[in-house]
Amino acid sequence: MARLKKAWRLFPAKRELASELSRKMNISEFIAQTLINRGVTDEKAATEFLSASSEYIADPYLLKDMSIAVGRVVQAIAAHEKITIYGDYDVDGITSCAVVYKTLTRLGASVEFYIPDRQSEGYGLNAAALDSLIQTGTKLIITVDCGISAVKEISAILGQLDIIITDHHQPPAELPSALAIINPKQPDCLYPEKNLAGVGVAFKLCQALWQHYYGTDNKFFDYLDIVAIGTIADIVPLTGENRVLVKTGLRQLATTSNIGINALLEVCGLTGKVVDSGSVGFVIAPRLNAVGRVSQATAGVELLITNDLNYARELAGLLDAENSARQAIEKLILAKAEEQLSTLDISAANVLVLAGEEWHSGVIGIVASRLVDKFYRPVIMISVRDGYGKGSCRSIPAFDMYGALTRCSDLLTQFGGHRQAAGLTIPVNNIPFLHERLNAIASENLSESDYIPVLTIDSFLPLAEVNAAFIEQLACLEPYGFGNPSPVFACRNVEFLEKRLIGQQSRHLKLKLKNTAVNDVIAWNMGELSDTLACNKKIDLVFVPKFNEWQGKKNLQLTAHDVRQSIVSEDKESLDKLAPDRECIGYIYLTVKEFNKLGQCKFSLQDIADIILKKYKITLPEKVVDMAITILWELNLLAKEVTAEGTLNIVLEPSPLKKLELSDSPTFRESVRMREEYLAGYTQFKEVQ
């Protein structure tokens, strides 16, 4: 399948606001525009966003039931009751377990942890596990990253032990009968940050416990290196308190004393390197995730809590090996899924539902994500065994997967999750009906444009602006992730001198630009675009500016997100029929000036349009001529009045003493916006064809 073309969409330029924020914060206007695009529109919000310091971490006792939970844990510690932390097998669950375990151990608790087996037990609380924990003496269970939907499981053991739920998933209409439920998404919970990851909620419990023992002056920010890993891996918005937790945690990660994390960094090849959200998300997290997907997540928790260096290295090696095994399994299932898809008309499918015997349930979610990236359709991958299917669902932004599954609940044994990702259990015989109904739901709610991947651009950025200082300012916006994506810029009509394919199988494309501040462009996995680009012709780029370090040298480089040949001259005609550019305004100014010299001041809009067509071979509608005259009037370059006959009386004013900027005209700024919006829409329209 050919590489999916993307629609380029540009954030609306807010030049006045960007200029004001730039001046107040002493940052580039393009950085200011990027902040505005993320909802940061004033000096106070910008200061909080850019500093993201621990002073912005909220009081844990604002969470509903926190006092009840703390009181019960304190009671258990004092009575030496056995506490079991019951977690999930993904990175969020593993890190949540580790943070609570390490905190309770420091407080002198008798504590163990339990993570269900992904293959045999599945997600969340289950009756067999709870019975086993009761039999082995557990008096208090603290769930982390799970439990909010376990109504039936918890009601079955009422009176046998106490359960504190810490979770971040959407609460159902009926809540479990737990002693305490700590979840900021509860409707009556006053906690300001609603988007904490599971590890974030677990950390708030630890923070509250620490403050109970050592006073509110001791804020307790230990283990934020672990919290950062779980938060990044769970793809929650990296805004608000999440941003503070991750930014502070990444700083801790750089000098971490955690033996297990250091062993993992070593096996990943990250020792001594800068660890950012990208390396956590794409290097560290997959190895922690792998044990939960392929074997036992227990090893991940053990790695994060051990104080034994040799054991840590052994576990880190295990995680690395399991990650390699996961990649092999993933590759095999992906091939089988694509084999099924080869018989379908993908363009006619609204939702892709695929099922296979004994597909590894720990890997199908990753494969589903790969297929969403490739085909840009919601995908459900179902592993069939013993008459039932366990499915992992991944979606596109326009399709609410959780909402759609809710409408299919009569077909499902169990389901849960979020708008973009969910899980389900289904009788095998219902899979065709699920496929049919989901496609109908998507058909009702989605348009053709929803199936076109969108590349969102922060602003057009002149390449002359790209320098070391700009990239240093850009780094202040990190950490990047969901809710705070890496800034993406665009430039148009840039000439390039040469192109070459690099890497294995010539998968990557490298370009050398002409007459620009930064010359090198690397386009990863875009080798196939080479044949569509002609040297010494102009191209449009969507890119991120970065430093490239190679063999001890550090150079500026553009990492391309997309490349296309610039639009041809005929398309300028379309733009000129929409709104005037500098050239059009200049032609109209010169035309009025020439006729004023001859004593002619009375014009109709059509008169001017006819003169422009005859003299400059450019067709301008009357509305565009009117916009251009308004721009010149706003800049005090001419005076105008409407005559009784409906024509215009136009007289040029004396030339100004100082140089004028067209951008001082509100109508010109609107003209620029209209043309840029057209260009973004033009790309989408062309690609749909």
Side-chain angles (χ1 to χ4, degrees), residues 1-10 30 452-468 470-471 474 486-551 553-576 581-583 617-618 675-676 678-689:
M1 180 180 174
R3 180 173 173 271
L4 281 175
K5 293 184 177 179
K6 298 178 180 179
W8 294 11
R9 287 192 187 162
L10 188 71
F30 299 98
I452 301 169
V454 173
L455 188 51
T456 305
I457 301 165
D458 281 287
S459 65
F460 285 107
L461 176 66
L463 294 185
E465 294 284 329
V466 179
N467 53 35
F470 181 84
I471 293 178
L474 205 58
S486 171
V488 175
F489 302 100
C491 59
R492 291 200 305 260
N493 301 320
V494 180
E495 286 188 72
F496 76 100
L497 294 170
E498 61 182 71
K499 60 181 179 179
R500 61 190 177 96
L501 297 172
I502 61 173
Q504 290 184 346
Q505 301 174 328
S506 299
R507 289 172 54 197
H508 315 304
L509 178 64
K510 194 162 188 181
L511 305 176
K512 184 74 72 175
L513 303 183
K514 180 180 180 182
N515 299 327
T516 57
V518 52
N519 305 116
D520 289 331
V521 179
I522 182 69
W524 303 111
N525 298 307
M526 295 187 209
E528 63 195 74
L529 290 181
S530 179
D531 292 338
T532 69
L533 304 174
C535 291
N536 293 311
K537 297 288 185 179
K538 292 183 178 180
I539 57 173
D540 300 338
L541 281 173
V542 179
F543 65 91
V544 177
K546 294 183 178 181
F547 284 119
N548 175 47
E549 294 189 43
W550 178 250
Q551 295 182 339
K553 293 183 179 179
K554 192 174 181 180
N555 299 309
L556 290 170
Q557 186 179 71
L558 306 183
T559 299
H561 283 216
D562 207 358
V563 188
R564 70 177 188 193
Q565 206 78 54
S566 296
I567 60 173
V568 292
S569 58
E570 298 90 69
D571 299 305
K572 186 179 183 307
E573 294 178 15
S574 299
L575 286 167
D576 290 342
D581 64 358
R582 291 175 181 271
E583 185 180 56
K617 311 302 182 192
I618 295 175
R675 291 172 74 100
E676 289 180 348
Y678 171 86
L679 285 169
Y682 171 93
T683 308
Q684 178 176 330
F685 175 79
K686 285 290 186 182
E687 289 170 347
V688 169
Q689 301 302 305

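A quick note: this is a predicted structure, and the numbers were derived from the prediction, not measured.
- Closest approach of G503 and H508 over heavy atoms only: CA-CD2, 4.0 Å.
- For the atom pair CZ of R675 and CG of D576, the computed distance is 5.0 Å after rounding to the nearest 0.5 Å.
- Atom CE of M526 is separated from atom CZ of R507 by 12.0 Å, given to the nearest 0.5 angstrom.
- Atom NE2 of residue H561 and atom CD1 of residue I457 lie 10.5 Å apart, to the nearest 0.5 angstrom.
- By the side chain to side chain donor-acceptor pair (under 3.5 Å) test, K512 pairs with D520, sequence neighbours left out.
- Under the side chain to side chain donor-acceptor pair (under 3.5 Å) criterion, E495 pairs with no residue, sequence neighbours left out.
- The NZ atom of K546 lies 13.5 Å from the NZ atom of K554; values are rounded to the nearest 0.5 Å.
- Between the CG atom of L533 and the CZ atom of F496 there is a distance of 5.0 Å, given to the nearest 0.5 Å.
- You'll find the side chain of D540 stays beyond 4.5 Å of the side chain of V494, heavy atoms only.
- Looking only at side-chain heavy atoms (C-beta outward), V521 and F543 stay at 4.5 Å or farther from each other.
- A donor-acceptor pair under 3.5 Å links the side-chain atoms of T532 to the main chain of L529, judged by distance alone.
- Under the 3.5 Å distance criterion, the side-chain polar atoms of Q565 are matched with a main-chain donor or acceptor of A534.
- The side-chain heavy atoms of P487 and F30, taken from C-beta on, include no pair separated by under 4.5 Å.
- Put simply, the side chain of V518 does not reach to within 4.5 Å of the side chain of P545, judged on heavy atoms.
- Proximity of a side-chain donor or acceptor of D458 to a complementary backbone N or O of F489 within less than 3.5 Å is not detected.
- Test L556, L558, N519 against L463 for side-chain contact (heavy atoms from CB on, under 4.5 Å) and you get one pass: L558.
- For L10 against S459, the heavy-atom pair with the smallest separation is CD1-CA, 3.8 Å.
- A donor-acceptor pair under 3.5 Å is formed between the side chain of S566 and the backbone N or O of K538.
- Remark: side-chain polar atoms of K6 are not paired, donor with acceptor, to backbone N or O of D562 under 3.5 angstrom.
- Rounding to the nearest 0.5 angstrom, the gap separating the CZ atom in R500 from the CG atom in L509 is 10.0 Å.
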Apply side chain to side chain contact (heavy atoms under 4.5 Å, CB included) to C491 and F460, showing your working.
-> CA-CA 6 Å; C491 59; F460 285 107; 5.7 Å; no

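- Inter-residue side-chain proximity for N548 and I522 is flagged as unmet; no heavy-atom pair is nearer than 4.5 Å.
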